[in-house]
Amino acid sequence: MLDTLIAGLLRGNVYALGAVGISLVFGVMNVVNFAQFSFFGLGAMLAWFFITQLGWPFWTALLAVVVICAALGLVINITVVKPLAQFLPLAAMLSTYAVSQILDNASQLAFTAQFRVFPKVLPTSNFQVGNMSFGTSDLVMLGFTAVTMLAMAAFLKYGKIGQAIRATAQDREAAVQMGIPVGLVQHLAFVIASALGGVAGVFIALYVGIANPSSGLNVGMTAFVAATLGGLGSLVGAVVGGFVLGILEAGGIYFFGDSAREIIVFVVLIAVLILRPGGLLGKVPLISSEPLTGTFLGKGRPQAIPRWVWPAAFVVGAVLIPLFGGDYLLITGTQVLIYAIIAAGFTVTAGQAGILALGQAGPIAIGAYTSALLTVLLPFSFWTALPIAGLSAAVISSILSSPIWGVKGHYISIATLGVGTVIVAVIRLVLPQGIYGIPGPMWGEVSLATPLGFYLIDFAILVITLLVMARIRRSHVGRVISAVGADDVAALASGVRVRDYKALAFAISAFFAGIGGSLLAHQYTYIDPTIFTMLMSLLVVTIVIMGGVSLPYGAVVGSIVLIGAMELLRFTPELRIIVYGLVLILVVRFRPGGILVRNA
């Protein structure tokens, strides 16, 4: 067990270093900075490039990483985060999510996606305790973390700028009234956090021995969990959370194996958000309602749509495309339709209940695997498996997410991300190899597993989805869900069971996500856990926001733009994801209600 403890401390040191920057930005700006994750991967790749390609000494390369990451962090804060953070905290969080995808894929374009062997500039295994080997690099990293914490503590306690950072974190409005340049303080916090992220990435690469542009995501998410465990906004809590999580993770790996690592991390995240959202050393958050409600989701009125548009759109989709579209157009059309189904169902959660869930890949994966297993291993037809897939996604997602509906503000979005990640991680643990030979739909003896057959099925299901969404919105249940989204405190005071209606909205969205997952599985004929990523969740969120979070038909428009139009970039997937990220940033910045909604 001593070996496990040492391994946990070494892992925890890595997480603590990354968690400090995340907590610093949250404390000053009340924004969860997903872009911080990408600085881990970017810092590692920059250091690899400077050392191996340019021949720079390690410490010179480390200094260059600090300067570049700090400058890039300043640019991100000025152009993306600060314009939204003051009024729309969750919109700013979404923007940093998009920035993270842009940075990761820009780094892949620059360095390629290959794993690179990181040079052993410091010994990595020249000490041994029991069966556990560690090196000078681990001791240097531990020392660097300790020095960083002491320097940060002295800076925040005795330095004028540090005191300004503390004052801004405690009460932003009071700091402004006292003459503190809050804008400069926020810039500085972002600069420090970005620099720490780059340095953490270098030491992580040195610790594991490899560097990759996208490697920052997993470590970043774990560092974020560490920051949440310690208390977002508390630097001491970030360090404590990092070491505690590292020890818990090492113990879990010792007992259950490395495949359970991700499950352990995100179960800790969900448990902390439910039991103590403020973390071990942080403040219990005082946000009483969803930050987007009435400010981001609720602004503006839908654009007036002429009546002739609906029959015209139906004729184009149901007649002209099937008659005159080739296989390529039909295949692309099926992707557009499937994501439109998923996104239209998601408008109940995001648009009516006011909860911007970030883990939709989870229920999509449940639907896909349920349908695949029923048709491959059991004598179920596509038509029977399809509704069962939707119901399974709704039931399982509801059970797993049932404890989180008492969580407030952007914490609930983070909790749904954790739930979705745990779902995919469990699937990866149970079925790591994927499922082959998923059969297509049949109508009697006629196979519908053709581009035209899939297109017509998907189109019919989309029409049914839109009709169901319209009926829900006009029903008593739909009006109650909308009331909960508009003001959950007032709804609770009126006797509405707020948690139950939030759970119901999420279950409805999960049902249609499961239907979409089933359709994807039968079209692909093969699925594995790597399909259901955070990028899939980001894509669904982007589609909904683009069309209008409260408009089911807006999801169709968003899917046409982001799936259909982006097909032009199919040969450069990295560039496609960069465009996704840019679109999301532009929409939440300039058209927060969606392109089919008038700005208020």
Side-chain angles (χ1 to χ4, degrees), residues 9 11-37 39-40 43 66 69-70 73 77 81 85 96 141-172 175 180 182 184-201 203-204 219-247 268-269 272-273 276-286 411 414:
L9 292 174
R11 286 174 178 267
N13 186 55
V14 173
Y15 302 149
L17 197 57
V20 168
I22 294 171
S23 273
L24 179 62
V25 170
F26 185 88
V28 173
M29 303 184 71
N30 196 34
V31 171
V32 176
N33 180 23
F34 284 108
Q36 182 79 3
F37 304 174
F39 283 107
F40 301 146
V66 168
C69 289
N77 187 48
V81 180
T96 64
M141 183 167 56
L142 187 63
F144 183 86
T145 302
V147 170
T148 300
M149 291 304 98
L150 292 174
M152 287 291 293
F155 171 67
L156 293 173
K157 185 173 183 179
Y158 300 110
K160 286 187 176 182
I161 298 177
Q163 293 172 351
I165 290 176
R166 289 170 56 202
T168 303
Q170 290 175 5
D171 192 324
R172 192 175 296 107
I180 294 175
V182 171
L184 291 177
V185 169
Q186 292 174 340
H187 291 329
L188 181 60
F190 228 90
V191 165
I192 294 174
S194 302
L196 286 175
V199 171
F203 281 113
I204 290 166
V219 176
M221 283 302 300
T222 308
F224 170 72
V225 174
T228 306
L229 175 61
L232 285 168
S234 169
L235 299 187
V236 175
V239 177
V240 172
F243 282 109
V244 170
L245 184 61
I247 293 171
V268 170
L269 171 64
V272 170
L273 290 174
R276 186 175 172 80
L280 298 176
L281 300 179
K283 299 177 183 177
V284 176
L286 299 177
Y411 291 94
I414 298 166

Roughly how far, to the nearest 0.5 Å, is the [atom2] atom of [Y] from the [atom1] atom of [X]?
X      : Y      : atom1 : atom2 : result
Phe40  : Cys69  : CZ    : SG    : 10.5 Å
Ile192 : Leu196 : CD1   : CG    : 7.5 Å
Leu280 : Leu229 : CG    : CG    : 4.5 Å
Ile414 : Met221 : CD1   : CE    : 8.5 Å

Which atom names give the shortest non-hydrogen contact between [X] and [Y], and what distance separates them?
X      : Y      : answer
Ala70  : Val191 : CB-CG1, 3.6 Å
Phe243 : Ala16  : CE1-CB, 4.4 Å
Tyr15  : Ala226 : CB-CB, 4.2 Å
Ala223 : Ala19  : O-CB, 3.4 Å
Leu24  : Ala189 : CD2-O, 3.7 Å
Phe39  : Ser194 : CE1-OG, 3.6 Å

Would a 4.5 Å heavy-atom cut-off, applied to side chains only, mark [X] and [Y] as touching?
X      : Y      : answer
Val25  : Phe190 : yes
Asn33  : Ile22  : no
Phe155 : Ile161 : yes

Donor-acceptor pair, distance only, cut-off 3.5 Å: does the side chain of Thr96 make one with the backbone of Phe34?
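The answer is yes, because a donor-acceptor pair under 3.5 Å joins these two groups.
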Going by the rule ring-ring contact (aromatic ring centres under 6.0 Å, His included), which residues pair with Phe224 if we only count those two or more places apart in sequence or in a different chain?
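So Phe224 forms no ring-ring contact (aromatic ring centres under 6.0 Å, His included) with any residue.
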Out of the candidates Val199, Val219, Leu17, only one should pair with Ile204 under the side chain to side chain contact (heavy atoms under 4.5 Å, CB included) rule; please name it.
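Exactly one option meets the side chain to side chain contact (heavy atoms under 4.5 Å, CB included) with Ile204, and it is Val219.
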Looking at Thr222, Val272, Thr228, which hits side chain to side chain contact (heavy atoms under 4.5 Å, CB included) with Leu245?
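Result: among Thr222, Val272, Thr228, Thr222 is the only option passing the side chain to side chain contact (heavy atoms under 4.5 Å, CB included) with Leu245.
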